[in-house]
Amino acid sequence: MIKAITGTKDILPSDISKWYFLENLIKKIFSKFNYKEIRTPIFENTSLFARGIGEATDIVSKEMYTFLDRSGESLTLRPELTASVVRALIEHSLEKKQSLNKLFYIGPMFRQERPQAGRYRQFHQFGAESIGSNDPLLDAEMIIMAFDILAQLGLKNLEVKINSLGVPSEREDYKNVLREYLKSHLSNLSEESKKRFETNVLRIFDSKDERDIEIMKHAPLLINYLKDESLSHFETVKSTLKKANVNFSVDSSLVRGLDYYTHTTFEIVSKSVGSQSALCGGGRYNGLVKELGGSDLPGVGFAAGMERILLACENENVLSIPEDKIDLYIITLDKTKSELSYNIAISLRRKNLTVELDYLLRSVKAQMREANKLNAKYVLFVGGEELKNNEVVLKNMLNSEQENISLNEIEKLIKKIGE
RNA sequence: GUGACCAUAGCUCAGUUUGGUUAGAGCAUCUGGUUGUGGCCCAGAAGGUCAUGGGUUCAAGUCCCAUUGGUCACCCCA
């Protein structure tokens, strides 16, 4: 048997309504904030992600699905979408058509990691990018939108964490301070963190190793090395969130693994899922557009994992999806009349009714059971004595009332079902 | 990439500890329960190479090894 690739999942018809529900909510909230959807290709030139996300990041160095196409070009299935959106913006000069572009997206992403709860190799993200302004109100807007979507789903066990990474020069200065502090503790750090000391010293804050955590507790904090401009940016984000009633905590260890972040970073975690608890994350990326060959435009954005969100919804039992139902099930009494049933079904469907009928030549009892299973509001009996008078029988499945209707009065039937 | 645990019907699981007839249940599916009428109920049917391959044994779903797949955690991230 050929099976789905490791880490990929089929979304079956029995699950699709919760995806529709989530997608519709996302589109609704983004449109209230006047964000427009953008759809970019599933694959891009490998160099886009290498430059955009950062060569040294885990995503680029060991998680991307990269392959050569038939002409020998290196392509990569998108592992995230910020780089693609920025590429599209530059390629189509969107910033020249309007100085602030507010964009959102929904779609599959690909990363070759070991699957576990809330983590797949093909997974779905939605997210937003706002490119063209350094206004901290937009940083806050990202967090508010993400929070509103999660809150409107009914999720409760949420924690909003924010931090500021300042600008690159501040961060470089701080890294030196941090390295100075860590020098004396170097031998006590975990093996992983010893490597990070060289490659990306900030990431030591992310460590779950007890020894590392103890050492980092007393480490100098980046926030104390930010200059006035960065601090006031961060203050505005915080006060804006407070006014919008979004509870948050400042988490100085929130460093995040993508190279492009500046100033605000944030994450919303849920206690209702497994260890992959970050439902969404994002931040400001003021250097990215220029890095990818565009003009020097500031930007801010976030992405959210849809599988994780649905998992949290399931665990908190908050989604109330109405059960599927159909307007009418047509039951054919005489098998010789199935063509008539079929024709009635077609014409009623064209009148905007949801209609089903039997294709398996089953007994009347079996057809009734099927109608019941499909939650049919009405059932129509076609055949027998009534048909000799050019009539069909309409049955209301809720109160079991039946009435004869002439085939010449189909409009009456539509009206009745539509009520 | 590292580690732990798991694999029996479409689904959820008994049976494996202590090897011994024809591998079971519930749900789901299908067919009936008197002419042409659902849900509840009742009866019956169908559905399994016990993940795959090898080994031990008179005998393997059960013990051993390998492989494959899955789950969870590390790592990383959404």
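Two residues are said to be in side-chain contact when any heavy atoms from C-beta on lie closer than 4.5 Å; A/Thr40 and A/Arg87 meet this criterion.
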If a protein heavy atom is under 4.0 Å from the base, mark B; if only from the sugar-phosphate, S; if neither, -; do that for nucleotides 34-42 of chain B going 5' to 3'.
-> --BBBB-B-

Heavy-atom contacts, protein to nucleotides 1-7 of chain B, under 4.0 Å, summarised as B (base), S (sugar-phosphate only) or - (none) per nt, yield BBB----

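A donor-acceptor contact under 3.5 Å links the side chain of A/Gln116 to the base of B/C75.
To the nearest angstrom, P of B/A45 lies 21 Å from CZ of A/Arg362. Between the NZ atom of A/Lys161 and the P atom of B/A78 there is a distance of 13 Å, given to the nearest Å. Atom CG of A/Asp358 is separated from atom P of B/C30 by 11 Å (rounded to the nearest Å). B/C72 atom P lies 13 Å from atom CD of A/Glu307, rounded to whole Å. Summarising the geometry, the separation between CZ on A/Phe302 and P on B/C77 is reported as 18 Å, rounded to the nearest angstrom. In this structure, A/Asp15 places its CG atom 15 Å from C1' of B/G10, rounding to the nearest Å. For the pair A/Gln367 CD and B/G32 P, the interatomic distance rounds to 11 Å; values are reported in whole Å. If you take CZ of A/Phe126 and C1' of B/A78, they are 9 Å apart, rounded to a whole angstrom.
Open room surrounds CZ on A/Arg39; 12 or fewer heavy atoms of other groups in view lie less than 6.0 Å from it.
Near RNA chain B, defined here as any heavy-atom distance below 4.0 Å, there are no residues from residues 16-41 of chain A.
Residue A/Ala371 is out of contact with every strand shown, counting any heavy-atom pair closer than 4.0 Å. As judged by a 4.0 angstrom heavy-atom cut-off over every strand, A/Gly274 is placed among residues touching the sugar-phosphate backbone only. Within the 4.0 angstrom heavy-atom criterion, base atoms lie near A/Arg111. Within the 4.0 angstrom heavy-atom criterion, base atoms lie near A/Tyr120.
Consecutive pairing runs in RNA chain B reach the stem threshold at B:1-7 with B:68-74, B:10-13 with B:24-27, B:29-33 with B:41-45, B:51-55 with B:63-67, where a stem means at least three Watson-Crick or G-U wobble pairs with distances under 3.5 Å.
A donor-acceptor pair shorter than 3.5 Å cannot be found between the side chains of A/Ser338 and A/Ser341.
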Can you give each donor-acceptor pair under 3.5 Å made by side-chain atoms of residues 273-283 of chain A, sequence neighbours left out, with the distance rounded to 0.1 Å?
| residue | atom | partner | partner atom | Å |
| --- | --- | --- | --- | --- |
| A/Ser275 | OG | A/Gln116 | NE2 | 3.1 |
| A/Gln276 | OE1 | A/Arg308 | NH2 | 3.4 |

N/O donor to acceptor pairs below 3.5 angstrom from side-chain atoms of residues 213-223 of chain A, sequence neighbours left out:
| residue | atom | partner | partner atom | Å |
| --- | --- | --- | --- | --- |
| A/Glu214 | OE1 | A/Lys217 | NZ | 3.4 |

When the side chains of residues 121-143 of chain A are checked against the rest of the protein, which donor-acceptor pairs come out under 3.5 Å, sequence neighbours left out?
| residue | atom | partner | partner atom | Å |
| --- | --- | --- | --- | --- |
| A/Arg121 | NE | A/Glu113 | O | 2.7 |
| A/Arg121 | NH2 | A/Glu113 | O | 3.3 |
| A/His124 | ND1 | A/Glu307 | OE2 | 2.8 |
| A/Glu129 | OE1 | A/Tyr285 | OH | 2.5 |
| A/Glu129 | OE2 | A/Thr82 | OG1 | 2.8 |
| A/Ser133 | OG | A/Asp135 | N | 3.0 |
| A/Asn134 | OD1 | A/Arg284 | NH1 | 3.4 |
| A/Asn134 | OD1 | A/Asn286 | ND2 | 2.9 |
| A/Asp135 | OD1 | A/Leu137 | N | 2.9 |
| A/Asp139 | OD1 | A/Arg284 | NE | 2.9 |
| A/Asp139 | OD1 | A/Arg284 | NH2 | 2.7 |
| A/Asp139 | OD2 | A/His233 | NE2 | 2.9 |
| A/Asp139 | OD2 | A/Thr264 | OG1 | 2.6 |
| A/Asp139 | OD2 | A/Arg284 | NE | 3.0 |
| A/Glu141 | OE2 | A/Tyr35 | OH | 2.7 |
| A/Glu141 | OE2 | A/Lys102 | NZ | 2.9 |

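Annotation: ring-ring contact (aromatic ring centres under 6.0 Å, His included) contacts of A/Phe205 (sequence neighbours excluded): none. Contacts of A/Asp15 classified as side-chain contact (heavy atoms from CB on, under 4.5 Å), with partners at least two apart in sequence or in another chain: A/Ile11, A/Lys18. In this view, A/Phe30 and A/Phe104 satisfy the ring-ring contact (aromatic ring centres under 6.0 Å, His included) rule, not counting sequence neighbours. Scored by the side chain to side chain donor-acceptor pair (under 3.5 Å) test, A/Glu80 finds A/Tyr260 as partners (sequence neighbours excluded).
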List every contact pair, protein side and nucleotides 67-70 of chain B side both N or O, where the distance is under 3.5 Å.
| residue | atom | partner | partner atom | Å |
| --- | --- | --- | --- | --- |
| B/G69 | O2' | A/Lys3 | NZ | 3.4 |
| B/G70 | OP1 | A/Thr6 | OG1 | 3.4 |
| B/G70 | OP2 | A/Thr6 | OG1 | 3.3 |

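On the C1' atoms, B/C42 is 42 Å away from B/U52, given to the nearest whole Å. If you take atom C1' in B/C6 and the same atom in B/U12, they sit 15 Å apart, rounded to whole Å. Nucleotides B/A4 and B/U67, compared at atom P, are 14 Å apart to the nearest Å.
Taking a cutoff of 4.0 Å between a charged side-chain nitrogen and a carboxylate oxygen, A/Lys28 and A/Glu23 do not qualify as a salt bridge.
For B/C77, the OP1/OP2 oxygens have no side-chain nitrogen or oxygen of A/Gln276 closer than 4.0 Å.
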